[in-house]
There are 2 protein chains.
Amino acid sequence: MSEIRKMELAVQIKMNEKLFLRNPELSELGRNIIKYSVVMIREKGFEDFTFKKLAQRIGTTEASIYRYFENKHRLLIYIVAWYWSYLEYKVVFYTQNLANPENRLKKIIELLAKPVTDDFSTDYIDEKLVYEVAVWEGSKAYLTKHVSKDNKDRLFKPYKDLCGRIANIIAEFNPRYKFPRSLSSTLLEMAHYQRFFMNNLPSLTDFGEDKSEERLYQFLYQLVFDSLKK
Amino acid sequence: MSEIRKMELAVQIKMNEKLFLRNPELSELGRNIIKYSVVMIREKGFEDFTFKKLAQRIGTTEASIYRYFENKHRLLIYIVAWYWSYLEYKVVFYTQNLANPENRLKKIIELLAKPVTDDFSTDYIDEKLVYEVAVWEGSKAYLTKHVSKDNKDRLFKPYKDLCGRIANIIAEFNPRYKFPRSLSSTLLEMAHYQRFFMNNLPSLTDFGEDKSEERLYQFLYQLVFDSLKK
DNA sequence: TTTTTATAATAGTAATACTATTATTTTAAA
DNA sequence: TTTAAAATAATAGTATTACTATTATAAAAA
């Protein structure tokens, strides 16, 4: 039974061609590159992660990894893009049955603040680790001098799509609110940053002592709905 | 006259000893390291910035720069810490004469959203450039595997101090609001991120087309005061 | 079966991030 | 004023990183 359900819910994220040189999904080596890069970036941090170390870990060579990704920054963008696509998939899945925008928004905030309940099988990718990589390293994907060039290549499309989708729900909930997109990106960023602060720089938050996911949720909930109260 | 006023308002930021190996303020070479690292990080982005290139630019050697800073990441932390200290100084200066917390908060949001009016002389540091470095590279100061170790060395104290100061004003304005510190860090982060988005990933904001600083200000103002309405 | 094509490994290079040692300048003591 | 000590900076390295050109091997097609 669980086999069948797993197959029904199996997620296949369609990735933009510009994100890679060769599609890593289509070979054992490629899938290993994704899987273990996520593991190692989490372990070492992005700065200490190198293609050489990854190659050693998965029993291949640096040059072979370079045939899949131009460089390690592109690989990071790939992972982060996968994460946002995956999250959008979840958002769509869990909100499609909800009638009014208020409930949809509430559900989204819940997904953001209380993430990663291993609900979809994504074969070779560990979604919990990808989430952590997104929190710790996600901003580095776009905080570069070549952000505009990368943006033209649509590398950030998954993030912008999700942001736009949430902004639409915000606008539906309160059409008179002036900043739906900024509120949406604030929600997305703060879901990550407040969690990072809670765990690592707790005095920047009000839920550092008990590291309470519930209070993080409440903060985001209030932030959004106080802004949208009519 | 302007000479005298300049002297009166000249800012001397006291920096934590752990931020450097040798105090760069105390030598011509040290001051050049700070001044031109800010220039070059802005020009090239932090990833492409190296001590070697900096050494060439200011006519010294790599090894000499290493006598001041352990590595380029520590130099970034120094610059960002200087920025937050400078901003806190400004906050104190511009709010000391304001009686009620509402006006103080309003002033702070103004300072954050409409920054860098060359009001204080800071001799060798270009505050406009430092602000831009803080926006583009600031998060990289703490988004590392050694954030906790760095935090124990109090490297992020200036950021946490400013965050705490604003949180206190928030709590004074509305003592029943539950998340003053998280709202404060959200305000600080979003002042940077929404500006970065506005200029580089405009569809994540609602002020991308006209790049309107005024609307960015309004967004932050509403975000804070809608949360604090009693 | 042979040829083509796809894929991966070998063997490099230039640049980066440092460090140990030596040289020079400044300061202080004799 | 001279000499010794201390502070400061430069030289000359090394190991690692980020990448590339070329060669080898395996798979698919003719």
Side-chain angles (χ1 to χ4, degrees), chain A residues 17-37 40-41 43-79 124 137 140-141 143-146 149-150, chain B residues 17-37 40-41 43-79 124 137 140-141 143-146 149-150:
Chain A
E17 300 269 320
K18 291 272 183 108
L19 286 165
F20 46 74
L21 297 174
R22 288 173 51 70
N23 192 337
E25 291 171 78
L26 302 181
S27 74
E28 191 64 28
L29 177 57
R31 288 185 292 271
N32 269 330
I33 289 171
I34 303 304
K35 178 175 182 179
Y36 288 98
S37 63
M40 291 184 79
I41 290 172
E43 275 174 15
K44 302 177 172 303
F46 183 64
E47 285 73 26
D48 269 17
F49 164 81
T50 70
F51 277 4
K52 183 157 203 184
K53 291 171 188 167
L54 175 61
Q56 272 155 4
R57 178 106 164 217
I58 63 183
T60 185
T61 60
E62 257 185 297
S64 300
I65 298 171
Y66 276 105
R67 297 194 62 256
Y68 288 83
F69 292 97
E70 230 174 297
N71 51 53
K72 72 171 183 172
H73 186 257
R74 282 293 173 118
L75 173 52
L76 177 66
I77 294 181
Y78 180 97
I79 293 167
Y124 59 95
E137 321 287 356
K140 296 171 191 169
L143 288 178
T144 68
K145 269 279 147 178
H146 42 88
K149 191 152 24 96
D150 291 347
Chain B
E17 300 271 319
K18 291 271 183 109
L19 286 165
F20 47 75
L21 297 174
R22 289 172 52 70
N23 191 338
E25 292 171 77
L26 302 181
S27 74
E28 190 63 27
L29 177 57
R31 288 186 292 269
N32 269 330
I33 289 171
I34 303 304
K35 177 174 181 180
Y36 287 99
S37 62
M40 290 183 79
I41 290 172
E43 274 175 14
K44 302 177 172 304
F46 184 65
E47 285 73 26
D48 270 17
F49 164 82
T50 71
F51 278 3
K52 184 158 202 184
K53 291 170 188 167
L54 175 61
Q56 272 155 4
R57 178 106 164 218
I58 63 183
T60 184
T61 61
E62 257 185 296
S64 299
I65 298 172
Y66 275 104
R67 299 194 63 256
Y68 287 84
F69 292 98
E70 230 176 297
N71 53 51
K72 71 171 182 171
H73 186 256
R74 283 295 174 117
L75 173 52
L76 177 65
I77 295 180
Y78 180 96
I79 293 167
Y124 60 94
E137 322 286 355
K140 297 171 191 170
L143 287 178
T144 69
K145 270 278 147 178
H146 42 89
K149 191 153 23 97
D150 290 349

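All chains are named by letter (A, B, ...) in the order of the sequence lines, taking the proteins before the strands, and each is independently numbered beginning at 1.
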Rounded off to whole Å, could you give me the [atom1]-to-[atom2] distance for the [X] and [N] pair?
X: A:Phe69; N: D:dC19; atom1: CZ; atom2: P; result: 14 Å
X: A:Leu29; N: D:dA27; atom1: CG; atom2: C1'; result: 16 Å
X: B:Leu21; N: D:dT8; atom1: CG; atom2: C1'; result: 14 Å
X: A:Asn71; N: D:dA18; atom1: CG; atom2: C1'; result: 9 Å
X: A:Leu75; N: D:dC19; atom1: CG; atom2: P; result: 12 Å
X: A:Tyr66; N: C:dA11; atom1: OH; atom2: P; result: 19 Å
X: B:Lys44; N: C:dT16; atom1: NZ; atom2: C1'; result: 14 Å
X: A:Leu26; N: C:dT7; atom1: CG; atom2: C1'; result: 14 Å

Scan residues 49-65 of chain A against DNA chain C and write down, sorted by residue number, each residue with any heavy atom closer than 4.0 Å; if none is found, say none.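 Of all residues in residues 49-65 of chain A, the ones placing a heavy atom under 4.0 Å from DNA chain C are A:Thr60, A:Thr61, A:Ala63, A:Ser64.
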
Within this structure, what is the [atom1]-[atom2] distance for the pair [X] and [Y], rounded to the nearest 0.5 Å?
X: B:Leu76; Y: B:Lys140; atom1: CG; atom2: NZ; result: 8.0 Å
X: A:Phe69; Y: A:Ile77; atom1: CZ; atom2: CD1; result: 10.5 Å
X: A:Asn71; Y: A:Ile65; atom1: CG; atom2: CD1; result: 12.5 Å

So if I apply the side-chain contact (heavy atoms from CB on, under 4.5 Å) rule between A:Lys53 and each of A:Lys44, A:Glu62, A:Glu43, which one comes out positive?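 The residue from A:Lys44, A:Glu62, A:Glu43 that satisfies side-chain contact (heavy atoms from CB on, under 4.5 Å) with A:Lys53 turns out to be A:Lys44.
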
Can B:Ser37 and B:Tyr78 be said to form a side chain to side chain donor-acceptor pair (under 3.5 Å), step by step? CA-CA 11 Å; B:Ser37 62; B:Tyr78 180 96; over 6 Å; no

Within the pair B:Arg67 and D:dT8, is there a side-chain N or O less than 4.0 Å away from OP1 or OP2? no

Which nucleotide in the set C:dA8, D:dA9, D:dA18 lies at the smallest distance from any side-chain heavy atom of A:Tyr68?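 Nearest listed nucleotide: C:dA8.
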
The side chain of B:Arg22 is closest to which nucleotide in this list: D:dT8, C:dA17, D:dC19?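 Selected nucleotide: D:dT8.
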
Determine the interplanar angle of the A:Phe49 and A:Phe51 rings, folded into 0 to 90°, and report it as parallel if under 30°, tilted if 30 to 60°, perpendicular if over 60°. perpendicular

Closest heavy-atom contact between A:Lys72 and A:Phe46?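 Residues A:Lys72 and A:Phe46, closest heavy atoms: NZ-O, 2.9 Å.
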
